[in-house]
Structures are given as C-alpha cells and as structure tokens.
Amino acid sequence: MNRIYTITCLFLMASGVLFAQEEILSKQEAAKLALENNFGIKVALNEVEIAENNASVLNSGYLPTVTATAGANYNRDDATIEFPGQFNEDGTPRADFEINQAEAQRYNSGVNVNYTLFDGLGRLYNYKRLKEQYQLSELQARETIENTLLQLFSVYFEVARLTENENVLQQALEISTQRITRAEYAFEYGQNTKLDILNAQVDVTNDSINLLNTKQQLANAKRDLNVVLNQDLNSTFEVDTLIQFIPRLKLDELIAQAEDNNVAILQTKRNLAINAYDIKVNKSGYLPTIGLTGSYGWNLNQSAASAFFPGTNNQTWNFGLGANLTWNLFDGGGTSVRVKNSKIAFENQELLQDQIALEVARDIKNALEIYENRLNIFVIQEQNVLTNHNNFERSREQFQLGRITSIEFRQAQINLLNAQTNKNLAKYDAKLAELQLLQLTGQLLNVNL
C-alpha cells in the first residue's frame with residue numbers, strides 16, 4: 001500500500017519538474033501571437049482590406065471609362081454572270097462572265113472614351129461614404145481584436161490559475177505524504193494506532209486525485225489557449241502568474257475619456273456620418289447628369305473587281321467628340337421616397353447613438369463596481385491566506401508535539417488549501433474585470449498588460 005502511494009507521489013512530483021522546464025509564454029507574447037495568427041482577427045483584417053479597396057479612387061466613379069473595339073470580315077465569291085440577248089459589236093452573242101475567288105475584306109478598330117463631368121454630386125458623396133465605411137470597418141476589426149484579446153486572457157488567466165492551484169496541491173500532497181511516514185514511525189513506537197496511518201493514506205489519496213484532476217484541467221486549458229493562438233495543440237508552455245493592477249488615478253483618467261475612445265460609440269458616429277451621406281447621394285437624383293464622349297476609329301474596306309465595278313481599297317480614320325445632358329425631371333417619385341427614407345434612417349441612427357452612449361455609461365459604472373468588488377475580495381483573500389498559513393504552521397507545531405489530532409491538523413491544512421485556491425481565483429477574476437473595464441474605456445489595446 002505504501003509503495004503505491006510512494007510511486008504516485010514520485011510521478012506527480014516528476015510531472016511538476018517537467019512543467020517547470022517549459023518555456024514561459026508571457027502575456028505580451030500571447031497577445032502578439034493572437035494578433036498574428038487568430039482566425040477571427042485574420043478575417044476581420046481581410047474585411048478592412050476589402051473596405052480599403054472599395055474606398056479607393058478606382059471605385060469612386062471619378063475616372064473615365066475607355067473601351068476598345070475591333071472587327072474583321074472576310075468574303076469570297078464565285079459567280080457566273082450571263083447576258084441573254086446581248087451581242088458584241090461584231091454581232092456575236094456576248095459570252096458569260098465568270099468571277100472566281102473574288103475576295104473582300106473589311107477591318108475596323110476604335111477607342112471610345114466616356115466621362116461623367118457632373119452627376120449631381122452623387123459620386124462625391126458616395127466616395128466620402130466609402131471612406132467612412134472604410135473607417136467603420138477598421139473600428140469593427142478593432143472590436144474583433146478587443147474581443148479576441150479578452151477571450152485570450154480569459155483562457156490565459158485560467159491556465160495561470162490552474163498552474164498556481166497545481167503548485168498548491170503539489171505542496172498539500174507532499175505534506176500528506178510526510179504524514180504517512182510520521183504516522184508509520186509513531187505506530188512502530190506505539191505512540192498512535194493504525195487508524196492514524198489509514199487517515200493519512202486517505203488524505204494522500206484525496207490529494208492525489210485532486211492534483212491529477214487539476215493537471216487534466218490545466219492540460220485542457222492549455223489546448224484551449226493554443227486554439228485561440230492558432231498553434232499546435234500539443235505545444236507546451238508555462239504562463240506568467242505575476243499580476244499587476246492599474247492605479248486607480250489612471251483608471252479614472254481613462255474612464256473620463258471613454259466617450260471619445262469606446263469602440264461602440266465610435267461606430268455609431270461613423271454610421272451616422274454614412275447615413276448623412278446617404279441623404280446627399282439620394283438628393284443628387286434631383287440634379288442633371290452631364291457627360292463627355294470621345295471616339296477615334298479606323299476602317300479598311302477591300303473588294304475585288306466585278307463585271308461592272310473596279311476593285312476598291314478604302315481606308316478611313318475618324319475622330320469624334322460629344323457632350324450629353326440627362327435630367328430626369330420626374331421618375332415617378334422614386335427619388336423623393338429614397339430621400340425621405342434616408343432621412344428617417346438618419347434619425348434612427350441618432351436615436352441609436354444616444355441609446356448606445358447611455359448603455360456604455362451604464363456598463364462602465366457596472367464594470368467599475370465589479371472590478372472594485374473583486375479587487376477588494378482579492379485583498380481579503382490575500383489576508384485570509386496569511387491568517388490560514390499562520391494557523392497551519394501553529395497547528396503543525398502542535399501536531400508534531402502531539403497536542404492536536406491528525407484530524408485537526410488536516411482541517412487546518414484544508415483551510416489553507418481553500419484559502420490559497422480562493423485567492424488565486426480572486427486575483428485573476430479581478431484582473432479580468434479590469435480588462436473588461438479597459439475595453440469599455442477603449443484603452444484595452446493601449447495599456448501594458
């Protein structure tokens with residue numbers, strides 16, 4: 001029985017040594033890998049690139065259109081022309097006239113240019129609208145990046161918490177293992193009963209199971225982190241368990257600037273600008289369109305001689321310029337309806353902007369209170385760990401002197417274990433609440449984590 005416990009303990013201790021030798025994945029390095037490799041971020045950046053292409057001058061309508069045309073035709077005729085009742089000057093019947101392989105070719109080519117000189121300012125406002133759409137896509141990509149980083153650190157902190165819990169449980173197992181040895185010696189010298197050995201063995205079993213479960217949870221959490229980072233699921237690493245909190249004065253400064261930096265508020269402003277340009281684009285339908293056209297062409301006609309006409313070889317060049325004006329005086333009311341609807345959409349966007357601003361202000365207040373509460377809990381848990389540690393050390397002294405039972409000593413050990421794991425949970429909960437607050441203030445990407 002004791003041999004099994006010894007093998008189990010050695011295995012768990014050796015596992016701890018292997019993990020300690022793994023490379024440290026810092027928070028900054030994890031964020032860098034996520035920005036480079038995460039699937040969602042890659043898709044968002046591709047959407048930004050599409051919006052940038054749409055907002056270029058090549059998609060603005062300001063450039064002319066140029067088309068080139070060319071054609072070729074070929075004919076070959078074989079014919080016999082008869083002259084019934086016709087005679088030559090000498091009185092003999094006129095002979096039939098034959099045309100063999102009479103060829104005719106026609107070639108043409110040309111270049112046409114069309115340019116819209118004025119379209120009621122529709123393309124101007126549409127171009128500005130595309131620019132706003134591009135900036136909106138950047139904000140949407142930023143939102144995706146912020147959400148991904150929050151997801152990343154949620155998993156990262158879970159790995160860190162389980163890592164610290166693993167160390168705590170490893171220490172608990174070592175203490176329980178030492179209890180078995182002590183109980184066996186005491187039993188040999190008649191200082192206690194077999195029951196103390198059995199109690200110690202039960203505690204080692206429980207601690208071993210808890211440690212194995214935590215190791216399994218830690219391995220799963222690391223695989224979850226590898227998915228967020230888009231790297232090999234078998235990649236192994238250690239994480240940074242050091243946590244630093246932003247000073248309250250700095251947080252107050254960031255909260256005061258939230259309205260200018262919050263990504264949701266900035267998106268509503270861009271959408272409002274887009275709706276304003278929609279109104280102007282639709283109003284352009286009331287104005288005329290003026291365009292310019294130009295053409296340059298070449299034609300070549302070649303034909304063989306016939307019975308009545310000589311062969312031809314004509315070549316022509318032509319150049320033309322033109323202007324046109326189109327004014328849709330009445331389109332059945334379609335333009336008027338589009339203008340009215342775009343104005344209503346603009347009013348709706350204004351209402352949505354006010355709503356989101358109010359919701360963001362509420363979310364910031366809630367997030368701040370949650371952060372303060374969790375930070376206070378963390379401070380209390382830190383003190384609780386010190387208290388339980390002192391209690392455990394005193395209990396261990398009393399246990400070694402035989403003044404308390406193994407059950408009382410075990411209770412002190414469990415209390416310390418719970419205090420340590422609760423402190424780990426409170427620490428990372430507080431840091432995650434801080435990051436959520438930073439996202440709402442629009443500063444998640446601008447602070448040193």
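Position 1 is the first residue of the sequence, and the numbers go up from there.
- Residues T335 and R338 have side chains that bring a donor and an acceptor to within less than 3.5 angstrom of each other.
- Put simply, the side chain of D119 gets close to the backbone of R123: a donor and an acceptor are under 3.5 Å apart.
- A side-chain donor-acceptor contact under 3.5 Å links E408 to the backbone of T405.
- Every pair passing salt bridge (Lys or Arg N to Asp or Glu O under 4.0 Å) that includes a residue from residues 431-449 is listed here, sequence neighbours excluded: K431-E434.
- Note on residues 410-435: pairs passing ring-ring contact (aromatic ring centres under 6.0 Å, His included), not counting sequence neighbours, are F157-Y428.
- In this structure, Q413 contributes its side chain and A172 its backbone to a donor-acceptor pair below 3.5 Å.
- Judged by distance alone, with hydrogens and angles left aside, the side-chain atoms of W327 form a donor-acceptor pair with the main-chain N or O of Y286 at under 3.5 Å.
- Partners of L35 according to the side chain to side chain contact (heavy atoms under 4.5 Å, CB included) rule, which considers only residues two or more places apart in sequence or in another chain, are I41, I145.
- Without hydrogens or angle criteria, Y156 side chain to D240 main chain gives a donor-acceptor distance under 3.5 Å.
- Every pair tested for ring-ring contact (aromatic ring centres under 6.0 Å, His included) that includes a residue from residues 111-132 fails, sequence neighbours excluded, so the list is empty.
- Atom-to-atom distance recorded for I197:CD1 and R182:CZ is 12.5 Å, nearest 0.5 angstrom.
- The distance from atom NZ of K269 to atom CD of Q353, rounded to the nearest 0.5 Å, is 7.0 Å.
- In K423, the NZ atom is crowded: over 12 heavy atoms of neighbouring residues, nucleotides or ligands sit closer than 6.0 Å.
- A salt bridge links R270 with E132; the closest basic N to acidic carboxylate O contact falls under 4.0 Å.
- Residue E350 forms a side chain to side chain contact (heavy atoms under 4.5 Å, CB included) with just one option from L272, T268, N275, and that option is L272.
- Of the possible polar contacts, none joining the R161 side chain to the N424 backbone as a donor-acceptor pair under 3.5 Å is found.
- A donor-acceptor contact closer than 3.5 angstrom links the side chains of N446 and Q443.
- The closest donor-acceptor contact from the side chain of N230 to the backbone of N226 lies at 3.5 Å or more, if one exists at all.
- Applying the side-chain hydrogen bond (donor to acceptor under 3.5 Å, both in side chains) rule to N415 yields the partners Q411; only residues at least two apart in sequence or on another chain are considered.
- Under 3.5 Å, the side chains of Q355 and E359 contain a donor-acceptor pair of N or O atoms.
- The backbone N or O of A258 lies less than 3.5 Å from no partner atom in the side chain of N262, so there is not a single donor-acceptor pair.
- The backbone N or O of Q140 sits less than 3.5 Å from a side-chain atom of T144, completing a donor-acceptor pair.
- Counting non-hydrogen atoms of neighbouring residues, nucleotides and ligands closer than 6.0 angstrom, the CZ atom of R403 reaches no more than 12 such neighbours.
- Annotation: ring pair (Phe, Tyr, Trp, His ring centres under 6.0 Å) contacts of F392 (sequence neighbours excluded): F409.
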